[in-house]
Amino acid sequence: ESSAGTVTLTDYISNQLFEKNMLRETSHVTIAHPALSFPDLEIPPPSCSDYSEYRPLRILLAGRIKAYKGLELFVEALLRLPSNKVEARIVGQSASSPYLDTARNLPNCSLFLEWQSETDLISHLDWSDLVVLPYVEASQSGIVPLAFSRCRPVVVTPVGGLPEQVQQNRSGIITEGVSAEHVGAAILRFLEDQAFYHDCAKTAKLVAEKEIGWEYIAPQY
């Protein structure tokens with residue numbers, strides 16, 4: 001009540017707050033989560049992946065691995081995919097989970113279950129071809145714009161504000177539902193169509209540079 005105005009990062013959140021009479025339309029604006037470039041870090045400039053049919057598709061689940069992040073959907077989707085054509089990483093702090101035990105025993109999945117610095121996280125993003133967000137609920141995600149800034153398309157579930165962050169079949173795929181089957185089908189689309197993958201990767205980079213780059217977002221504040 002003491003603020004002069006409010007900013008939300010997705011309309012999903014603002015609509016929830018309006019429904020609870022916690023926002024005033026005259027002093028609110030939705031501004032997309034920016035693609036931060038971290039100019040103070042010594043990191044290589046972004047470059048698109050060299051993914052091709054001659055090597056496995058590298059998929060990444062990253063961030064603090066909490067219940068809403070859909071770890072179980074990621075692991076179950078991984079089990080549905082051909083193990084010789086997909087490599088996976090699960091990266092970030094996490095509580096114990098039977099799904100982590102399952103992932104740990106998979107020959108094509110590596111776990112990095114500790115706090116990641118920004119440099120570490122970007123290194124994992126650059127290793128990957130595709131970033132997967134199989135969330136069961138979400139407001140929005142900082143991983144999506146970060147993935148775009150590193151030229152990586154995404155797979156997201158249709159929950160919360162995630163669909164607002166992704167241009168369907170252009171910067172990534174919004175799955176048809178919240179299930180391992182739907183997540184696996186979206187990953188398979190990239191696996192089977194390299195041209196589609198590279199088109200989405202290029203669009204993701206353009207979105208990061210032209211639509212949600214800090215130079216574009218900052219003036220909106």
Side-chain angles (χ1 to χ4, degrees), residues 10 12 49 51 53 55-92 94-95 97-113 121 124-125 127-148 150-194 196-201 203-204:
T10 55
Y12 169 77
S49 164
Y51 172 60
E53 62 183 316
R55 68 164 176 81
L57 179 72
R58 298 168 180 167
I59 61 174
L60 176 68
L61 173 66
R64 288 179 293 177
I65 313 300
K66 296 195 171 185
Y68 73 90
K69 293 289 183 71
L71 172 65
E72 65 276 18
L73 302 187
F74 184 82
V75 174
E76 289 176 6
L78 189 58
L79 290 168
R80 294 170 177 267
L81 296 166
S83 60
N84 64 326
K85 293 187 176 181
V86 175
E87 292 182 9
R89 284 186 183 181
I90 299 173
V91 174
S94 176
S97 164
Y99 292 100
L100 288 177
D101 295 334
T102 300
R104 193 175 283 110
N105 292 321
L106 294 176
N108 61 336
C109 185
S110 300
L111 279 60
F112 300 81
L113 303 180
L121 180 56
H124 288 296
L125 284 166
W127 167 87
S128 74
D129 304 308
L130 179 67
V131 181
V132 181
L133 295 86
Y135 296 1
V136 296
E137 61 178 277
S139 49
Q140 63 276 319
S141 172
I143 295 292
V144 170
L146 185 56
F148 288 173
R150 304 307 291 180
C151 198
R152 268 50 181 177
V154 300
V155 168
V156 303
T157 44
V159 298
L162 293 182
E164 297 177 48
Q165 296 184 276
V166 180
Q167 299 173 345
Q168 180 71 305
N169 296 322
R170 295 193 62 237
S171 59
I173 292 179
I174 305 165
T175 65
E176 293 184 8
V178 186
S179 71
E181 180 181 4
H182 289 113
V183 172
I187 296 171
L188 193 62
R189 171 79 186 279
F190 286 110
L191 181 62
E192 294 179 339
D193 190 341
Q194 284 77 39
F196 173 72
Y197 169 82
H198 288 290
D199 285 344
C200 287
T203 299

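Here, residue 1 is the first one in the sequence, and each next residue gets the next number. When reading the values below, keep in mind they use all heavy atoms of this one structure, side chains included, and skip hydrogens, waters and symmetry mates.
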Item checked: Arg80 side chain near Ile187 side chain, heavy-atom distance below 4.5 Å -> no
Next item on the list: Check whether any side-chain N or O of Tyr197 sits under 3.5 Å from a backbone N or O of Asp129 as a donor-acceptor pair, and report yes or no.
Entry: yes
Next item on the list: Examine distances only and state if a side-chain atom of Thr175 and a backbone atom of Val155 form a donor-acceptor pair shorter than 3.5 Å.
Entry: no
Note to self: I need the Lys85 NZ to Glu53 CD distance, nearest 0.5 Å.
What the structure shows: 9.0 Å
Next item on the list: State, with a plain yes or no, whether a side-chain heavy atom of Leu79 is found less than 4.5 Å away from one of Leu106.
Entry: yes
Check: So do the side chains of Pro153 and Leu130 get within less than 4.5 Å of each other, counting heavy atoms only?
Finding: yes
Checklist line | From CD (Gln140) to CG (Leu133), nearest 0.5 Å | finding: 12.0 Å
Next item on the list: Test Phe196 against Ile173 for side chain to side chain contact (heavy atoms under 4.5 Å, CB included), laying out the working first.
Entry: CA-CA 11 Å; Phe196 173 72; Ile173 292 179; 3.8 Å; yes
Note to self: Just verifying a value: how many Å separate Thr203 OG1 and Arg170 CZ, rounded to the nearest 0.5 Å?
What the structure shows: 5.0 Å
Check: For the atom pair CG (Asp199) and CG (Asn169), what is the distance rounded to the nearest 0.5 Å?
Finding: 11.0 Å
Checklist line | Contact summary for Lys69 and Leu61, nearest pair of heavy atoms | finding: O-CD1, 4.3 Å
Next item on the list: Taking the side chain as every heavy atom from C-beta outward, state whether Val154 and Ser171 have any atom pair closer than 4.5 Å.
Entry: no
Item checked: Within 6.0 angstrom of Gln168 CD, more than 12 heavy atoms from elsewhere -> yes
Item checked: Close side-chain approach of Val156 to Ile174, heavy-atom, < 4.5 Å -> yes
Check: If every non-hydrogen atom of Leu78 is compared with every non-hydrogen atom of Ile59, which pair is closest and at what distance?
Finding: CD1-CD1, 4.0 Å
Note to self: Could you check whether atom CZ of Arg55 has more than 12 heavy atoms from other residues, nucleotides or ligands sitting under 6.0 Å from it?
What the structure shows: yes
Next item on the list: Rounded to the nearest 0.5 Å, what's the gap from SG on Cys151 to NE2 on His198? Could you check?
Entry: 9.5 Å
Item checked: Validation row: Tyr12, Leu162 side chains within 4.5 angstrom (heavy atoms) -> no
Check: Is there a side-chain contact between Arg58 and Tyr51, using heavy atoms and a 4.5 Å cut-off?
Finding: no
Margin query: Which heavy atom of Ser94 sits nearest to which heavy atom of Leu100, and what is that distance?
Written below: OG-CD1, 3.3 Å
Check: Looking at CZ of Arg150 and OG of Ser49, how far apart are the two atoms once the value is rounded to the nearest 0.5 Å?
Finding: 12.5 Å
Checklist line | Arg152 side chain to Ser128 backbone, donor-acceptor under 3.5 Å | finding: yes
Check: Which pair of heavy atoms, one from Val75 and one from Ala103, lies closest together, and at what distance?
Finding: CG2-CB, 4.1 Å
Check: Taking all atoms of both residues into account, what is the closest heavy-atom pair of Pro145 and Gln165, and its distance?
Finding: CD-NE2, 3.7 Å
Next item on the list: Under the side chain to side chain donor-acceptor pair (under 3.5 Å) rule, what do Asn108 and Ser83 come out as? Steps first, then yes or no, please.
Entry: CA-CA 6 Å; Asn108 61 336; Ser83 60; 5.3 Å; no
Note to self: Minimum heavy-atom separation for Ser179 and His182, please, with both atom names.
What the structure shows: OG-ND1, 2.6 Å
Checklist line | Sidechain-backbone polar pair: Thr157 side chain, Val159 backbone, donor-acceptor under 3.5 Å | finding: no
